[in-house]
Peer 1: 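The structure follows.
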Amino acid sequence: MTSYQFPEGFLWGAATAAYQIEGAAQEDGRKPSVWDVFSGIWGRTRNGDTGAVACDHYHRYNDDVKRMVELGIRHYRFSIAWPRVIPDGRGQVNEAGVDFYRRLVDCLLENGITPHATLFHWDSPQALEKRYGSWRSREMATDFADYATAVVERLGDRITHWMTLNEIVCFTHMGYGILTPQHAPGTRVLRGKDVWQTSHHALLAHGMGCQAIRAASPRPCAIALVDNPSITVPITESPEDIAAAQKAFHTCGTNGGIIFPALTGQYSPVYLEQLGRDAPTIQDGDLDIIHQPLDTLGLNIYTGTYVRAVDNARGYEFLDYPTGYPRLNMPWLWIVPEALYWGTRHVSQVLDKSDLPLLITENGCAAEDKLTAQGEILDSDRILYLRQYLKSVHRAVTEGYPLQGYFLWSLMDNFEWSWGYDRRFGLLYIDYRTQRRIPKSSFHWYAECIRQNRIA
Ligand code: GCO
């Protein structure tokens, strides 16, 4: 019997992102992001929802930090909105926008909570979309680096944990496409290559961003990339299936073209071959810029893909989910708890980064939360999900992989991108009519895990 005790110092946290919670879209000099514009077009999001008000966290951050204290987290991951800090994308810094983050971070620090700031969680300034089509242009990378410099010069005295870009694939491959893209800016392009060029530019932005942060930080700091690789999970743990899952990690999702160049300095050769004419143009020196030393890698993992060894040219196959396979309240949210373990292990063994400290920067689920007549949310489904996934985290830690902490997505229900407010991922239920925060059962359960430093 294991008690699922975590080692001393294991870091427990929760995560959010600016556009999903802040609201105050037009306040204190903020100008529109691509998500304001995109969600403002009827039909792009469920019920026409936008982030204009969201959880009104901009005005309620004080109360939200109190909730964090009740929860017991000592680490909080949030993002900084580029269009608040540099409303036109480049040029003039809006000090009033920076001040919001000063207030927030001071409040966190006063409460013993370490801030982990993501510089970009998808809300790029609309001005740059107009100027050059955002990620379609290489200029986006230099503008991002300048924005990173502006933020770190101003906030680097109180923030020492930085994350560059969140989930490159989601704002490039989901924001640009040959068919109608689901994410902002929602740009149709002609060729697969055009899409791959956008993620290549994002990789460059990450690399230049790392250089900018290091140059601007007044204090020693830790820099992370946050990625959401597709996780291959061996259907059995036979040596053959494990080898198959490791091999398949290169070609699963977009791994070979995103996490591979970021961590190894090379697009995975097998993956490049598979891309063929869709591969991006890579200029001399790009890969060196992209491949910056990292202090931490952040992994966002919600699900996984089963793989088995077979006797074909590749030696593996991806398995479909059978009818009736359990999932939670998103079409892609298949319950595959082992993905947290295998994601961690693949970084060590497939990407050959066994010394790189890792954080789970997001894990959690949407459930069909309903308020009971007594005003409670009894989300035993979320607890079931989290408990299984945390066992997988525990296994990775116990086996000695350098996994240092876990951020639950999300602290509170929020604007779930094209799903609007229709999907709830929070530990705190938000009543959007009144902006009341109601702790769900999972909130109390997670608080107990943190208090005991074990899976409760
Ligand atoms: C991410 C997304 C989050 C989503 C969450 C649930 O980083 O994965 O940015 O913002 O809300 O993943 O889909």
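Since this is a predicted model, take the numbers as computed values, not measurements. Counting starts at 1 for both ligands and their atoms, in listed order. Hydrogens, waters and symmetry mates are skipped; everything else that's a heavy atom, side chains included, is used.
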Peer 1: List the residues meeting ring-ring contact (aromatic ring centres under 6.0 Å, His included) with Tyr421, not counting sequence neighbours, and say none if there are none.
Peer 2: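 If we apply the ring-ring contact (aromatic ring centres under 6.0 Å, His included) test to Tyr421, skipping adjacent residues, the hits are Phe415, Tyr432.
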
Peer 1: Can you pull the residues with any heavy atom under 4.0 Å from ligand 1?
Peer 2: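 Under the 4.0 Å cut-off, ligand 1 touches Gln20, His121, Trp122, Asn166, Glu167, Asn300, Tyr302, Trp332, Glu362, Trp409, Glu416, Trp417, Phe425.
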
Peer 1: Would you compute the distance between atom OG of Ser137 and atom CG of Asp143 and round it to the nearest 0.5 angstrom?
Peer 2: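 Answer rounded to 0.5 Å: 8.0 Å.
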
Peer 1: Ignoring hydrogens and angles, write down the donor-acceptor pairs under 3.5 Å from the side chains of residues 11-18, residues two or more places apart or on other chains.
Peer 2:
{"from": "Trp12", "atom 1": "NE1", "to": "Asn453", "atom 2": "OD1", "distance (Å)": "2.9"}
{"from": "Thr16", "atom 1": "OG1", "to": "Tyr76", "atom 2": "OH", "distance (Å)": "2.6"}

Peer 1: Under the criterion side-chain hydrogen bond (donor to acceptor under 3.5 Å, both in side chains), which of Asp63, Asp56, Asp64 is the partner of Arg60?
Peer 2: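 Only match with Arg60 under side-chain hydrogen bond (donor to acceptor under 3.5 Å, both in side chains): Asp56.
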
Peer 1: ring-ring contact (aromatic ring centres under 6.0 Å, His included) with Trp332: which residues, sequence neighbours excluded?
Peer 2: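 Expected list: Tyr302.
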
Peer 1: What verdict does the side-chain contact (heavy atoms from CB on, under 4.5 Å) test give for Glu376 and Leu371, after you've listed the backbone C-alpha separation in whole Å, the side-chain angles of each residue and the deciding distance to 0.1 Å?
Peer 2: CA-CA 5 Å; Glu376 297 179 290; Leu371 262 181; over 6 Å; no

